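These numbers were taken from a predicted model, which means no experiment stands behind them.
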Amino acid sequence: MIQATTKQSIQPKSRKYNNKLRFKNGLIGWSFITIATVMICLFYFYPMAQALILSFQSGAGSNLQFVGFDNYIRLFTDPTFIAAVKNTVIYLIIQVPIMIILALLISVLLNDKKLKLKGFFRTAIFLPCITSLVAYSVVFKYLFGSDGIINQMLINVSLISEPIQWLTDPFWAKVTIIIAITWRWTGYNMIFYLSALQNVDNSIYEAAKMDGANAFQQFFKITIPMLKPIILFTSITSTIGTLQLFDEVMNITKGGPGNATLTISQYIYNLSFKYTPDFGYAATVSYAIVIMIVIFSIIQFKVAGDKNA
């Protein structure tokens, strides 16, 4: 009887202790989440909401006037914005597939167990993406100058008879920007593919070899299907990065010649700080990028066959 009474008195105490401990742990957990949530709302969602409100206004500084959808209507008749969109889409359509394919092929080669100095090659290919954006842009500007090393090398091997105007010709200026972006970000995407390949069971490839599959069949029938989620992820992140392209164009060509290499992000900068400031229209152009990112992301999900898109 005494033991039963003792057990009954102990159980409520232990239950209260467990409840207090659970509440304390939960409070600590919620404190971490709350801080992160407040910071995200303060530095991400609040500026986004303010930019959306600003996109319906026109003017600079505190001299803003509500203009409704006039800024959005202006987009369709703005030749500079249309030129910036065309240039950005060209970079996107040409550069992103080239970069994704290169990163995929390089990752497959560097995943070969028989390859020596794999660590060196992986590091060498990844290093460009951690270099300073401004520094490497300036280097590319000098490399592709009319009297730069690239032209000298091409002339020495008799591929060209006169220097190519990489930075002053509209076509070659775009090519220079595409080469620069590809050089910098291929290694970044390669890391994702390489880490995914290392998680693929070798027995799958061994079974395919026993069934008579050659290297090309293994690549298209095993490697690509296994990397499909990573390919989709890198395609979307590369699309977002290209639509926001700014540093390379600003430092290498400054958007020239004319507006031949101008991007949407650089146009936003010009609207805010270079031309007569129009922060409302600049915010409208920035939301045009958001809309384009959403559209291209949905297209990529659909092409990849993702049913959740």
Side-chain angles (χ1 to χ4, degrees), residues 83 86-112 114-194 214-216 219-220 223 234-235 238 241-242 245-263 266:
K86 288 181 179 178
N87 294 335
T88 306
V89 171
I90 288 173
Y91 297 142
L92 175 65
I93 294 175
I94 297 176
Q95 188 268 333
V96 171
I98 292 174
M99 179 177 62
I100 295 298
I101 293 171
L102 275 176
L104 186 58
L105 293 175
I106 293 172
S107 63
V108 172
L109 293 174
L110 295 182
N111 194 48
D112 189 354
K114 298 179 181 178
L115 180 66
K116 296 180 180 180
L117 301 175
K118 287 188 291 186
F120 169 78
F121 291 119
R122 292 173 182 175
T123 304
I125 296 172
F126 180 74
L127 275 178
C129 75
I130 62 173
T131 56
S132 168
L133 282 166
V134 175
Y136 105 89
S137 297
V138 172
V139 169
F140 262 80
K141 184 176 181 178
Y142 284 104
L143 286 176
F144 286 87
S146 58
D147 56 348
I149 297 175
I150 301 300
N151 275 332
Q152 292 179 8
M153 290 176 59
L154 293 176
I155 292 174
N156 290 336
V157 297
S158 300
L159 287 178
I160 58 175
S161 57
E162 57 184 15
I164 296 174
Q165 302 302 315
W166 295 99
L167 305 179
T168 57
D169 181 83
F171 172 78
W172 291 112
K174 287 187 179 70
V175 172
T176 304
I177 297 298
I178 290 172
I179 292 173
I181 306 169
T182 304
W183 176 83
R184 178 175 175 81
W185 295 111
T186 297
Y188 177 80
N189 291 293
M190 176 206 70
I191 292 297
F192 288 101
Y193 297 139
L194 193 58
N214 55 37
F216 289 99
F219 179 75
F220 288 104
T223 303
T234 54
S235 298
S238 299
T242 304
L245 182 64
F246 174 79
D247 297 88
E248 289 83 354
V249 176
M250 187 67 182
N251 290 289
I252 297 175
T253 62
K254 299 188 182 299
N259 290 325
T261 58
L262 181 71
T263 61
Q266 188 183 9

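The distance from the OG1 atom of Thr182 to the CG atom of Leu102 is 7.0 Å, given to the nearest 0.5 Å. The CG atom of Leu143 lies 10.0 Å from the CG atom of Leu167; values are rounded to the nearest 0.5 Å. Annotation: the span from Tyr193 atom OH to Thr234 atom OG1 amounts to 2.5 Å, rounded to 0.5 Å. Distance check, rounded to the nearest 0.5 Å: OG1 of Thr123 to CG of Leu117 gives 11.0 Å. How far CG of Leu262 is from CE of Met250: 10.0 Å, rounded to the nearest 0.5 Å. A distance of 10.5 Å separates OG1 in Thr253 from CG in Asn259, rounded to the nearest 0.5 Å.
The backbone N or O of Gln152 sits less than 3.5 Å from a side-chain atom of Asn156, completing a donor-acceptor pair. A donor-acceptor pair is defined here as one N or O able to donate and one able to accept, closer than 3.5 Å; no such pair exists between the side chain of Arg122 and the backbone of Ile191. With Asn87 contributing its side chain and Ala83 its backbone, the two residues share a donor-acceptor pair below 3.5 Å. Judged by distance alone, with hydrogens and angles left aside, the side-chain atoms of Ser238 form no donor-acceptor pair with the main-chain N or O of Ser235 at under 3.5 Å.
Across Asn151 and Gly145, no two heavy atoms sit closer than the pair ND2-O, 3.1 Å. Closest approach of Thr186 and Ala103 over heavy atoms only: O-CB, 3.6 Å. Closest approach of Phe126 to Gly187, counting heavy atoms only: CD1-O, 3.7 Å. Of all non-hydrogen atoms in Ile106 and Met190, the two that sit nearest each other are CG2-SD, 3.6 Å. Heavy-atom minimum distance, Asp247 versus Ser137: O-OG, 4.0 Å. The shortest heavy-atom contact between Leu110 and Ile125 is CD1-CD1, 3.9 Å.
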Contacts table for residues 170-181: side-chain donor-acceptor under 3.5 angstrom, sequence neighbours left out:
unit_1 : atom_1 : unit_2 : atom_2 : d
Lys174 : NZ     : Ala260 : O      : 2.8
Thr176 : OG1    : Trp166 : O      : 3.3
Thr176 : OG1    : Trp172 : O      : 2.8

Donor-acceptor pairs are to be reported for all side-chain atoms of residues 90-101 against protein atoms at under 3.5 Å, with residues two or more places apart or in another chain.
unit_1 : atom_1 : unit_2 : atom_2 : d
Tyr91  : OH     : Thr261 : O      : 3.3

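The local environment of CG in Leu133 is crowded, with over 12 non-hydrogen atoms from other residues, nucleotides or ligands closer than 6.0 Å. Heavy atoms from other residues, nucleotides or ligands lying under 6.0 Å from CZ of Phe219 number more than 12.
Between Phe192 and Tyr188, the angle of the ring planes goes over 60°, which puts this pair in the perpendicular group of the 30/60° scheme.
By the 4.5 Å heavy-atom criterion applied to side chains, Ile164 and Asp169 are not counted as neighbours. The closest side-chain heavy-atom distance from Pro163 to Asp147 is not below 4.5 Å.
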